[in-house]
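Chain letters run A, B, ... following the sequence lines, proteins first and then strands; every chain starts at 1.
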Amino acid sequence: MSKDEVADALDEIGTLLELKGENAFRTNAYHNAARVVQQLPGDLKQLVADGKLGAVRGIGEALSLKITTLVTTGKLPYLEDLRASIPAGMVELLRLPGLGPKKVKALHDLLGIDSIEKLKAACESGQVAKQKGFGAKTQDKILEGIRFRDQVGHRVRIDYALPLGTALLEQIRGFPGVIRSELCGSLRRRKETVADLDILVSSADAQPIMDRFVKLPEVLQVLGQGPTKSSVLAALHVHGTKVTMQADLRVVEDDQFPFALHYFTGSKEHNIRMRQRAIDRGLTLNEYALANDSRSVPCKTEEDIFAALGLPYIEPELREDTGEIEAGEVKKLPALVADRDIRGVFHNHTTYSDGVASLEDMALACKKLGWEYFGVADHSQSLTIARGLPPGAVRKQWAEIDRLNAQLSGVRIIKGSEVDILEDGSLDYSDELLAGFDYVVASVHSLFNMPEADMTARVCKALSHPAVTMLGHATGRLLLKREGYKINLDEVIKTAATFGKMIEINAQPSRLDLDWKYVKQARAMGVPIVINPDAHSPWELGLYTFGVQVARRGWLTKDDVFNTRGLDDVMKELARRKGVK
DNA sequence: GCCGTTTTCGGCCCGACTGTTTTCAGTCG
């Protein structure tokens with residue numbers, strides 16, 4: 001069982017125990033352990049085999065036993081018994097806004113409700129409003145929630161969430177009385193998907209700002225409105241898709257702004273650690289202040305808060321409690337790579353395969369972005385659905401590249417290919433043809449359903465090929481749509497390190513693959529990362545910024561990213577690699 | 001269920017808002 005699968009199982013135990021009315025600290029221990037397991041570096045099986053699980057913070061004796069059973073047998077009788085004792089529909093009820101474990105349990109105990117259908121019927125007949133602790137408003141809210149359930153509570157990709165958040169923020173910035181304002185939450189931490197929007201404003205007078213906020217044209221529905229906090233459902237059309245999200249606005253006094261900014265940026269886990277740090281220093285940190293009964297530490301910015309707690313500034317992307325506090329203590333935080341560091345890209349397509357723009361137009365678009373090189377990597381021959389290039393077309397493309405490079409100034413086209421990794425791990429072109437490219441991106445585009453061990457062997461074999469420069473989209477995942485194929489990434493990263501290969505961060509917001517957690521692992525093993533937009537049009541070249549965000553979440557510095565190097569350096573390195581096994 | 005310079009018990013982050021209450025429990029982030 002993989003880390004993610006074990007984490008899912010532990011999360012499920014936590015949720016099921018909540019529905020049984022278990023102590024919240026006990027259920028939280030399961031949810032916490034799920035997170036810990038998911039972010040554990042290295043191979044979980046190995047850790048279990050070495051008996052080192054119990055040494056991990058957050059995993060004690062009982063959880064260690066359960067995880068060991070999960071990893072070694074692939075199942076857990078304790079979880080199966082729990083599942084059998086709780087109707088599956090109850091878990092689904094938890095997703096309705098306003099319904100938590102206590103209310104769902106009460107509905108089940110009092111009215112026998114164990115599905116959305118039964119709950120809907122009970123609300124419509126007025127039964128729910130008659131129960132103790134429930135009322136007419138709760139009943140209406142539940143019905144509303146059932147009506148909206150397909151739109152609300154789902155995560156949204158960052159490329160959709162960001163335009164909606166920005167549209168709201170820009171309007172709020174125009175309200176009279178707004179002093180400072182920012183998008184917080186996971187959006188500020190640049191997570192690949194976002195559940196809701198957190199907007200923070202400082203002002204001396206909150207009420208008029210609230211009144212204006214709930215009347216913005218994007219607002220579909222007001223979910224709640226208090227003196228300092230309002231929640232709405234807001235919608236915007238982004239690239240032809242209607243994006244609907246919950247947006248929460250908080251208004252604080254301006255001297256509270258840095259504390260609130262830090263607090264609402266999260267993550268929750270990072271905040272808990274920071275609060276603990278404050279407690280250790282005899283202070284309390286909350287969204288309004290860093291203080292105790294006798295004194296208050298004034299902070300004008302987030303930097304001041306970190307400094308007051310003995311830490312350098314920690315970038316929002318790092319605030320996940322995955323070691324940033326420890327690294328900060330010893331001044332070992334990375335200077336994160338930024339958009340401006342990128343000087344070219346390697347994985348892109350043109351009209352030769354499934355792109356929509358010519359070689360020249362793509363190269364000129366790169367030049368416009370201030371880049372020195374455009375690496376073209378059209379699909380290889382087997383991928384007929386994407387008009388993969390037969391060898392003759394490859395040679396024709398090379399001739400055109402040579403011609404263009406002679407004409408163009410300020411940007412250089414580099415000859416590459418996105419070569420399919422075939423079923424047996426061999427590559428989709430002959431070694432002779434492969435030798436003619438400056439670099440090769442190797443990617444899987446077929447047979448996604450192979451068993452994990454076979455897929456891992458397939459990709460690792462491809463990585464051992466001397467012509468391969470980098471691995472493309474490592475798991476093939478499509479965020480919120482399709483899980484990646486089953487593959488042991490620990491093994492893949494290790495193999496990349498062994499053969500001196502690079503791994504791509506595919507910057508398409510639908511992929512963002514390699515996932516940031518593994519980016520961090522690749523960095524630790526010295527595997528260079530390449531940020532590639534996988535652009536099929538000039539416009540898509542701009543998507544590289546989402547890849548930079550993943551790189552930042554993965555702790556990468558400029559030096560860890562290959563395409564921060566200049567053209568001469570890149571060409572020299574590619575030539576060197578071609579001669580190296 | 002985890003954890004320990006209060007180490008085998010008793011804490012575990014904490015505030016805003018809502019709805020149902022008449023002083024507070026539940027939910028959410």
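- A:Ile279 comes within 4.0 angstrom of no nucleic acid atom, judged by non-hydrogen atoms across all strands.
- Between the CD atom of A:Glu144 and the P atom of B:dT18 there is a distance of 16 Å, given to the nearest Å.
- Partners of A:Tyr78 under the ring pair (Phe, Tyr, Trp, His ring centres under 6.0 Å) rule, at least two apart in sequence or in another chain, do not exist in this structure.
- The A:Thr228 side chain lies nearest to B:dA16 when the options are B:dG29, B:dC13, B:dA16.
- A:Lys102 places its NZ atom 16 Å from the C1' atom of B:dG19, with the value rounded to the nearest Å.
- Rounded to an integer number of Å, the gap from CD of A:Glu18 to C1' of B:dC28 is 13 Å.
- Checked by distance alone, A:Tyr263 brings no side-chain donor or acceptor within 3.5 Å of a matching partner on the base of B:dG15.
- A:Leu96 comes within contact range of the sugar-phosphate backbone alone, with a heavy-atom separation under 4.0 Å but no base atom that close.
- Within the 4.0 angstrom heavy-atom criterion, only backbone atoms of the sugar-phosphate kind lie near A:Val56; the bases stay farther away.
- The closest side-chain heavy-atom distance from A:Glu218 to A:Leu168 is below 4.5 Å.
- Taking atom C1' in both B:dG1 and B:dT8, one finds a spacing of 14 Å when rounded to whole Å.
- For A:Asn286, the side-chain atoms get nearest to B:dG15 when compared with the rest of B:dC13, B:dG15, B:dT27.
- No engagement by A:Lys105 is indicated, since no non-hydrogen atom pair under 4.0 Å with the nucleic acid exists.
- Of the candidate nucleotides B:dG29, B:dG4, B:dA16, B:dG29 has the atom nearest to the side chain of A:Asp196.
- Across the P atoms, B:dG26 and B:dT22 are found 14 Å apart, a figure rounded to whole Å.
- In this structure, A:Tyr288 and A:Ala29 both approach DNA chain B, and ranking their closest nucleotides by distance from the 5' end singles out A:Ala29.
- For B:dT20 and B:dG29, the C1' atoms lie 22 Å apart once the distance is rounded to whole Å.
- Counting non-hydrogen atoms under 4.0 angstrom, A:Thr284 reaches nothing in the nucleic acid.
- Taking 4.0 angstrom as the limit, A:Arg26 places a side-chain polar atom (N or O) nearer than this to OP1 or OP2 of B:dG1.
- What separates CZ of A:Arg95 from C1' of B:dC28 is a distance of 16 Å, to the nearest Å.
- Comparing the C1' positions of B:dC13 and B:dC2 gives an interatomic distance of 16 Å, to the nearest angstrom.
- Counting any heavy atom pair closer than 4.0 Å across all strands shown, A:Asn271 reaches no nucleic acid atom.
- Between A:Val37 and the choices A:Ile67, A:Val56, A:Leu53, the side-chain contact (heavy atoms from CB on, under 4.5 Å) rule is met once, by A:Ile67.
- Ion pairing between A:Asp490 and A:Lys494 fails under the 4.0 Å rule for side-chain N and carboxylate O.
- With C1' as the reference atom, B:dC12 and B:dT6 are 15 Å apart, rounded to whole Å.
- A:Ala24 comes within 4.0 angstrom of no nucleic acid atom, judged by non-hydrogen atoms across all strands.
- Following rounding to the nearest Å, A:Glu22 (CD) and B:dC2 (P) show an atom-to-atom distance of 13 Å.
- Under the side-chain contact (heavy atoms from CB on, under 4.5 Å) rule, A:Arg189 has a single partner from A:Glu315, A:Arg319, A:Glu317, A:Gln549, which is A:Arg319.
- If you take atom P in B:dC28 and the same atom in B:dT23, they sit 26 Å apart, rounded to whole Å.
- Salt-bridge formation is not detected for the pair A:Asp43/A:Lys45: no Lys NZ or Arg NE/NH1/NH2 atom is positioned less than 4.0 Å from an Asp or Glu carboxylate oxygen.
- Results of the side-chain contact (heavy atoms from CB on, under 4.5 Å) test with A:Val232 over A:Leu223, A:Leu249, A:Val214 single out A:Val214 as the only residue that passes.
- At a threshold of 4.0 angstrom between heavy atoms, the contacts of A:Phe134 are confined to the sugar-phosphate backbone, with no base atom among them.
- Set against B:dG4, B:dC17, B:dG1, the side chain of A:Arg57 has B:dG4 as its closest nucleotide.
- Checked against B:dC13, B:dG1, B:dA16, the side chain of A:Tyr78 finds its nearest nucleotide in B:dG1.
- Judged by distance alone, with hydrogens and angles left aside, the side-chain atoms of A:Asp8 form no donor-acceptor pair with the main-chain N or O of A:Asp11 at under 3.5 Å.
- Between the P atoms of B:dG15 and B:dT21, the separation comes to 26 Å (whole Å).
- For B:dG1, the paired nucleotide is B:dC12, the pair qualifying as Watson-Crick or G-U wobble because both relevant distances are below 3.5 Å.
- Dashed line: the shortest gap from a side-chain N or O of A:Lys66 to OP1 or OP2 of B:dG1 is under 4.0 Å.
- At a threshold of 4.0 angstrom between heavy atoms, the contacts of A:Ile59 are confined to the sugar-phosphate backbone, with no base atom among them.
- Using P as the reference atom, B:dG11 and B:dT7 are 14 Å apart when rounded to the nearest Å.
- Toward the 5′ end of DNA chain B lies the nearest nucleotide of A:Ala62, the other residue of the pair A:Ala62 and A:Pro101 mapping further downstream.
- Between A:Thr138 and B:dT20, a side-chain N or O to OP1/OP2 separation shorter than 4.0 Å is present.
- Between the C1' atom of B:dC13 and the CZ atom of A:Arg273 lies a distance of 14 Å, rounded to the nearest Å.
- B:dC14 atom P lies 16 Å from atom CZ of A:Phe259, rounded to whole Å.
- Contacts of A:Gln276 with the nucleic acid, taken as non-hydrogen atoms under 4.0 Å apart, are absent.
- Rounded to an integer number of Å, the gap from A:Lys137 NZ to B:dT20 P is 7 Å.
- Distance from the side chain of A:Arg275 is smallest for B:dC13 among the nucleotides B:dC13, B:dG15, B:dC2.
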